[in-house]
Amino acid sequence: MEKTLRNCIGGEWVSSSSTESLEITNPATGESLGRVPLSSARDVDAAVAAARAAFPKWRETPPVVRARHLFKLKNLLEANFEEIAATVTRENGKTLDESRGSVRRGIENVEHACGIPTLMMGKSLEDIAAGIDCETFRQPLGVFAAITPFNFPAMVPMWFWPYAIATGNTFVLKPSEQVPFSPTRLVELAQEAGIPPGVLNLVHGAKDAVNAILSHRDIAGVSFVGSSAVAKIVYEGAAKSGKRVQALGGAKNHIVVMPDADMDRAVSIVTESVFGCAGQRCLAGSVVVTPGKAYEPFRERFLSSAKALKLGNGLETGVTLGPVVTARAKERIIGCVDAGAKEGATLLLDGRSARVEKLPRGQFVGPTIFEGVTPEMSIGKEEIFGPVAGIARVGSLDEAIETVHRSGYANATSIFTTSGKAAREYRYRVGVSMIGVNIGVAAPMAFFPFGGTKGSFFGDLKAHGNDAIEFYTDKKVVISRWI
Ligand code: NAD
């Protein structure tokens, strides 16, 4: 019989109370990896109760001791690095190198959270009035939860719980039901690192589990990453029940390639940005905007660079483009390409019927490039989340910025140029939160905030960096007079 994953509640690995489950298959091979339970509100309730019970003691555990658990976890993550990366590839499809990169980025959050005794310090000022002193203390708030997406099975959960537990909160993680194996492994390692029972709980599931989290009165706050439609539901639902909420949504990222860019370098970086992780990255380039004379030299090189990608099983050396996550995702992406073709964009490279001969059950979409993409077209404004790029031709940097601003999303953007003036102007004027200058995937590291604006983000405090400390703590102010 296929293995059905268990939830981790109060340090015990227990079966979900739900009889519903989902089969998870390797998107490259079609091989079954096991089943994930679609947990119920009862399971969420049990996890929250365990987290609540663990809170008082964990909160009193000195930050330096909490940090030591994280140091131990960091060592365990390093020791199991290759295994975690391979698990990510098996369940998500991205190449092993891409998985390694993402696990590394995840671990950096654990490293950063190890600094919690300093990160969590408050402030103080003597004599705010004669003989009166004022101090602030940061205190944990109780139980937090995170709901995470399929595209970074190990990394995105690590954007949240290391900080939440380092600051003394307890936690319930509800990972994507499409990629449950990597998060399960991380929770096992957290247990091995000695993080006490109930501090970090894991509930597998989908919509029902999410709804139970949103309305649960004993959850103080919710971190979410996923599509904008669900981010909005989570933002509104969590706020309605009085919770803190940070909800990171979808993206439609524009890359501006100026005529003065180092074209060979730009093309190689843009190819990685657009097709890396099969385009299933919230920082993936989606529309390449080419002002003035940039268009011709870029188009030609970009096409040949995309054609050189090697489709296949991400576990195999030499493969540079893995499958998309599921058959459903493939169908949806092909639907987006069909729509683009109908709307009048020209298909320069069509990956809809791409196959990998020895992997007939793989969910492959080949690199796909449109030209003549405009902001009104669905492929110019909607998130595709697949290996599909559009090229848009504009007259100037001004027009490029205008094109970017017409998008309802504002997650990330990049500019490729050798002009400091153009780079400065772009950075200064463009209303997008994460910006790359000659960088294709502008991913802020653990010690900087991560998140967009407009339709890409709902909330105010972003993921990791100092924002995480702010999000997971209350600032208590004490004003004292002793003389
Ligand atoms: P998704 O929105 O479908 O799912 C995300 C989470 O929400 C999952 O845990 C899922 O179980 C849950 N969920 C799904 N539908 C729900 C519903 N109707 N009600 C309640 N919960 C629901 O997203 P996904 O397909 O897993 O991930 C891809 C999306 O995530 C893309 O839009 C991508 O841009 C976005 N993403 C954003 C960032 C960022 O930093 N902004 C990072 C990674 C991914």
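Ligands are counted one by one from 1 in listed order, and the atoms in each one are counted from 1 as well. We're numbering straight along the sequence, starting at 1.
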Student: Can you list the ligand 1 atoms lying under 4.0 Å from a non-hydrogen atom of Val225?
Tutor: 5 (C), 36 (N), 37 (C), 38 (C), 39 (C), 42 (C), 43 (C), 44 (C)
Student: Would you mind running through ligand 1 and noting each atom that sits below 4.0 Å from a heavy atom of Ala206?
Tutor: 11 (O)
Student: Using a strict 4.0 Å cut-off to heavy atoms of Phe450, name the atoms of ligand 1 that fall inside it.
Tutor: 40 (O)
Student: Could you tell me whether Arg328 and Glu331 have a side-chain N and a carboxylate O separated by less than 4.0 Å?
Tutor: no
Student: Output yes when Lys232 and Glu236 qualify as a salt bridge under the 4.0 Å nitrogen-oxygen rule, no when they do not.
Tutor: yes
Student: Could you tell me the residue and atom name of the protein heavy atom closest to atom 24 (P) of ligand 1, and the distance to it rounded to 0.1 Å?
Tutor: Phe150 CD2, 3.5 Å
Student: Give the numbers and elements of all ligand 1 atoms closer than 4.0 Å to a heavy atom of Trp159.
Tutor: 40 (O)
Student: Considering only non-hydrogen protein atoms, determine which one is nearest to atom 39 (C) of ligand 1 and report residue, atom name and distance to 0.1 Å.
Tutor: Cys282 SG, 3.3 Å
Student: Assess whether side-chain hydrogen bond (donor to acceptor under 3.5 Å, both in side chains) is satisfied between Ser223 and Tyr472, documenting all intermediate values.
Tutor: CA-CA 10 Å; Ser223 303; Tyr472 294 123; 2.8 Å; yes
Student: May I ask you to identify the nearest protein heavy atom to atom 7 (O) of ligand 1, giving residue, atom name and distance to one decimal place in Å?
Tutor: Phe224 CE1, 3.4 Å
Student: Contact between Gly249 and ligand 1, counting heavy atoms under 4.0 Å?
Tutor: yes
Student: Of the protein's non-hydrogen atoms, which lies at the shortest distance from atom 10 (C) of ligand 1, and what is that distance?
Tutor: Glu177 OE1, 3.5 Å
Student: I want to check something: taking the side chain as every heavy atom from C-beta on, are Phe144 and Trp161 in contact at a cut-off of under 4.5 Å?
Tutor: no
Student: Would you say Lys207 and ligand 1 have an N/O pair spaced under 3.5 Å apart?
Tutor: no
Student: Is there any N or O on Lys174 that sits under 3.5 Å from an N or O of ligand 1?
Tutor: yes
Student: Under 6.0 Å between ring centres, would you say that holds for Tyr163 and His112?
Tutor: yes
Student: Hey, does the side chain of Ser273 reach the backbone of Gly440 with a donor-acceptor pair shorter than 3.5 angstrom?
Tutor: yes
Student: Touching ligand 1 at all, Phe457? Heavy atoms, strictly under 4.0 Å?
Tutor: no
Student: Tell me: protein heavy atom nearest atom 13 (N) of ligand 1, and distance?
Tutor: Val230 CG1, 3.9 Å
Student: Considering the heavy atoms of Ile147, write down every atom of ligand 1 situated less than 4.0 Å from one of them.
Tutor: 6 (C), 7 (O), 9 (O)
Student: Quick test: of every protein heavy atom, which one is nearest to atom 4 (O) of ligand 1, and how far off is it to 0.1 Å?
Tutor: Gly226 CA, 4.6 Å
Student: Do the side chains of Lys475 and Glu470 get close enough for a salt bridge, i.e. N-O under 4.0 angstrom?
Tutor: yes
Student: Judged by modelled atom types alone, do Asp43 and Ser16 share a side-chain donor-acceptor pair under 3.5 Å?
Tutor: yes
Student: Just need the protein heavy atom nearest to atom 28 (C) of ligand 1, so name the residue and atom and give the distance.
Tutor: Phe385 CE2, 3.5 Å
Student: Regarding Trp159 and Gln246, is there a side-chain donor-to-acceptor distance under 3.5 Å anywhere?
Tutor: no
Student: Donor-acceptor pair, distance only, cut-off 3.5 Å: does the side chain of Lys252 make one with the backbone of Glu382?
Tutor: yes
Student: Please confirm whether Val156 comes within less than 3.5 Å of ligand 1 when only nitrogen or oxygen atoms on both sides are compared.
Tutor: no
Student: Give a yes or no on whether the ring-centroid distance for Phe450 and Phe457 is below 6.0 angstrom.
Tutor: no
Student: Would you mind checking which non-hydrogen protein atom is closest to atom 27 (O) of ligand 1, with the distance to 0.1 Å?
Tutor: Pro149 CB, 3.3 Å
Student: Output the list of atoms in ligand 1 that are nearer than 4.0 Å to some heavy atom of Glu383, sorted by atom number.
Tutor: 31 (C), 32 (O), 33 (C), 34 (O)
Student: Could you list the atoms of ligand 1 found under 4.0 angstrom from a heavy atom of Gly250?
Tutor: 32 (O), 34 (O)
Student: If you measure from each heavy atom of Phe152 to ligand 1, is any distance below 4.0 Å?
Tutor: no
Student: Does the gap between the ring centers of Phe298 and Phe416 come in under 6.0 Å?
Tutor: no
Student: Short list, please: which atoms of ligand 1 are under 4.0 Å from a heavy atom of Ser227?
Tutor: 1 (P), 2 (O), 23 (O), 29 (C), 30 (O), 32 (O)
Student: Output yes when the distance from some N or O of ligand 1 to some N or O of Asn151 is under 3.5 Å, and no in every other case.
Tutor: no
Student: Would you kindly say whether Glu376 and Thr374 are connected by a side-chain donor-acceptor distance under 3.5 Å?
Tutor: yes
Student: Backbone, side chain, both or neither: what part of Val210 comes under 4.0 angstrom of ligand 1, heavy atoms only?
Tutor: side chain
Student: Carefully, step by step, assess Lys74 and Glu78 under the rule salt bridge (Lys or Arg N to Asp or Glu O under 4.0 Å).
Tutor: CA-CA 6 Å; Lys74 142 86 179 159; Glu78 295 297 350; 2.5 Å; yes
